[in-house]
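Just so we're on the same page: letters track the sequence lines, and every chain starts at 1.
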Amino acid sequence: MTDIIFTNARLIDPVGQTDSLGALRIRDGLIAAVYEDPTPDVAGTIINCAGNCLAPGIVDIGVKVSEPGERHKESFRSAGRAAAAGGVTTIVTRPDTLPAIDTPETLEFVARRAATDAPVRVLPMAALTKDRAGREMTEIGFLQDAGAVAFTDCDRVVTGTKVFSRALTYAKSLDALVIAHVQDPNLSDGAAVTSGKFASLRGLPGVSPMAERMALDRDIALLEMTGARYHADQITTARALPALERAKRNGLKITAGVGVHHLTLNEMDVADYRTFFKLKPPLRSEDDRIAVVQAVADGLIDVISSMHTPQDEESKRLPFEEAASGAVGLETLLPAALRLYHAEMITLPRLFAALSLNPSRLLGLDTGRLREGHPADLVWFDPDAPFQLDRATLKSKSKNTPFDGARMQGVVLGTWVGGALVGGDV
Amino acid sequence: MTFRARHLLGIEHLHPTEITTLLDLADKYADQTRNGTVDKTVLAGMTQINMFFENSTRTQASFEIAGKRLGADVMNMAMQASSIKKGETLIDTALTLNAMHPDLLVVRHPNSGAVDLLAQKVNGAVLNAGDGRHEHPTQALLDALTIRRAKGRLHRLSIAICGDIAHSRVARSNIMLLGKMENRVRLIGPPTLMPSGIGEFGVEVFDNMEEGLKDVDVVMMLRLQKERMDGGFIPSEREYFHRYGLDAAKLAHAKPDAIVMHPGPMNRGVEIDGNIADDINRSVIQTQVEMGVAVRMAAMDLLAQNLRASRQAEVMA
């Protein structure tokens, strides 16, 4: 296999936090060399990047592929293609399928389907408790052996503190990562939006943003008790940030993520009951959004993900309270995240720390770096190219994107996984 | 005359001149009804379907009478008893009905926003007869007409809305309408029954009846739902009546000529003392019911005019 040399590339290096012109050579699926000279004199297939960005491929934690159970919403094939089109080189899948992925057998089914159908890397997560019911822990050891990279009950909170503390203690002995949804389940019961003027105006049941901090505070106390490795899936409110900051400063093994929709949209976007904007947790106030964007820029929030959640038309074409939550995001993650860059709220190396490097580190992967010897998982994109999104063009089987008709910037020109081109038109 | 809306989904999107236009026409219909001079051909040939996904006797009867007085063919559909039980979605129900070409659709639904959703899928004019906790526009309009007739104006009045604001679509529509017409709106109720973010609505909020009612021109009481009475939102019915029930002592804080309103049905002895409700010098509760028919006649007349105009425009094109 001949080398591929990317010349005239604007290299986005999240490790060195640099954004500079250079070149990069790949061989046998790995990055073989990085050059400061944009046109080094080396032999191989040349891809002239024409000054556009070359960054480590996105590692997206928390992607829902609806296999098994709801393949009409999303399959490994469609999700894989959507990922490749969006510059996502690794999808880390959620276990909230039907049935839940809570045994090594269902996990193996998923791994097999992923291996044959998806053009990108697929790493499965498994449920923390059986059937995500919050009562008994799953076979964390066996599931880990079968390839589970993290354990989560997704949007269900383990309400029993005894159950959760034992699961955390057990997970710690295996150095397993536990991912939790931080939303007090009692306070948020029945809520469709965040409480406040907008919720009251629309007559929709709301939940106080405080529900997030309450759940985070509880989990932090349990981490002090157990010392487990823990990741909060989505931190979306300003009030939760000081608690997170304090927990990190106290040396707990805690990290946090946020969905790209909460970084780019706010509660007002729901407007006249647009159900594609119904998310879990619900969209927040503009003040919260700004605070959370700042927390990503500061590195307090580690990971940005798409929280890709396919829903069919039937489950969305309902009165707002009854409609399903969630939005697809694999193909819009990068252009949506680039809104923060274009708004000058975050630099590209910072952005790719949150999109690629940090999630890789969190899961113990060697992807996410533009460094010699690391996997050649790359995304080549024009950060400025404008387009208007038409949801019909999405490769996902489900088209429930809140960005339908939105003007966005950032077009993926090519996606490589282990040195092989999987997306784009090169 | 200006009333351009295609549907009547809420007060939020109405312009003050549209509100005035509608009230002027309703005023005329109220008088004509009393004189027995209503033109029965106004809605002749129009089909009106009342779709109530939630129980209602009074509102449904009011819409039915309004339609019939103007000559519409009125049909009532008890939606709880029909397709919903068979698992049909709201959209499918809407499309099915739409295929029958109704001209006026009167819809009540327990979910906020459901009537908006339905309106997107039908060709006729939709009137919101109450959706969840969102809006109940004809109730706010009939309240406005009642106030205007009693007080001679609908601006620069001090109006108190009392009780369960949080769960009330009547309160939301009234807050918006009275605000648009430049009145001072006061909300009075226990904090557990106040919606979140209420401070940003341009209203004054009180949790004490005596303070809140001081020198108001209008006292609007809201119905307290039975299911909210037991411990969840308020400690008990009797404590609620003691602190927030409208009796003569509390009403004495309002202006001497203040009127008392209630959207009905009343819980006597819970939110309102029976003697106040029956006091013909203070209570305009029966007038509200009368104005309800007039306002609904006006609303359907105006929407039917717009519907005919848009159909004509389509034919021309």
Side-chain angles (χ1 to χ4, degrees), chain A residues 184 186-212 237-239 266-278 281-288 311-325 400 404-405, chain B residues 7 9-13 53-54 84 87-95 107-121 128 130-137 164-173 175-176 179 187 192-203 205 232:
Chain A
D184 184 86
N186 192 262
L187 197 62
S188 61
D189 185 34
V193 291
T194 303
S195 63
K197 184 186 178 189
F198 180 78
S200 294
L201 206 58
R202 286 287 170 272
L204 291 170
V207 56
S208 165
M210 198 63 97
E212 183 170 291
T237 61
R239 281 216 165 108
N266 69 30
E267 57 184 352
M268 304 297 280
D269 286 302
V270 170
D272 283 328
Y273 305 99
R274 295 195 289 173
T275 56
F276 282 9
F277 292 80
K278 184 176 179 183
L283 287 169
R284 305 302 193 181
S285 69
E286 180 64 3
D287 287 349
D288 277 334
Q311 298 289 3
D312 53 18
E313 301 288 302
E314 280 67 40
S315 47
K316 283 289 188 183
R317 284 172 63 189
L318 291 170
F320 196 86
E321 281 169 70
E322 291 177 2
S325 302
N400 55 310
D404 186 37
Chain B
H7 306 293
L9 299 177
I11 300 297
E12 189 184 357
H13 300 299
F53 294 87
E54 193 179 71
I84 297 299
E88 190 177 59
T89 67
L90 181 64
I91 301 271
D92 286 331
T93 309
L95 293 176
V107 187
R108 170 171 286 190
H109 197 282
N111 288 131
S112 302
V115 182
D116 295 56
L117 180 66
L118 195 140
Q120 293 164 18
K121 307 289 171 186
N128 182 0
D131 63 323
R133 314 172 183 180
H134 178 218
E135 283 231 44
H136 191 353
D164 182 1
I165 314 284
H167 301 97
S168 174
R169 52 196 175 212
V170 175
R172 277 176 185 66
S173 289
I175 291 166
M176 276 185 261
L187 305 180
T192 46
L193 293 176
M194 280 293 163
S196 57
I198 194 65
E200 297 166 51
F201 276 75
V203 295
V205 180

Contact class of B:I198 relative to chain A, heavy atoms under 4.5 angstrom: neither
Got a donor-acceptor contact below 3.5 angstrom from the B:S173 side chain to the B:V170 backbone? no
Given that the side chain runs from C-beta out, which part of B:R172 has a heavy atom under 4.5 Å from chain A: side chain, backbone, both or neither? side chain
Please name all residues satisfying salt bridge (charged side-chain N to carboxylate O under 4.0 Å, His left out) with B:E12, sequence neighbours left out, ordered by chain then number. A:R202
Which of the residues B:I165, B:L118, B:N111, B:I175 is involved in the greatest number of heavy-atom pairs with chain A at under 4.5 angstrom? B:N111
The salt bridge (charged side-chain N to carboxylate O under 4.0 Å, His left out) partners of A:D404 (sequence neighbours excluded) come to A:R391
Lys/Arg-Asp/Glu bridge criterion (N-O < 4.0 Å) met for A:E286, A:K197: no
Chain B contact via A:E322 - side chain, backbone, both or neither, heavy atoms under 4.5 Å: side chain
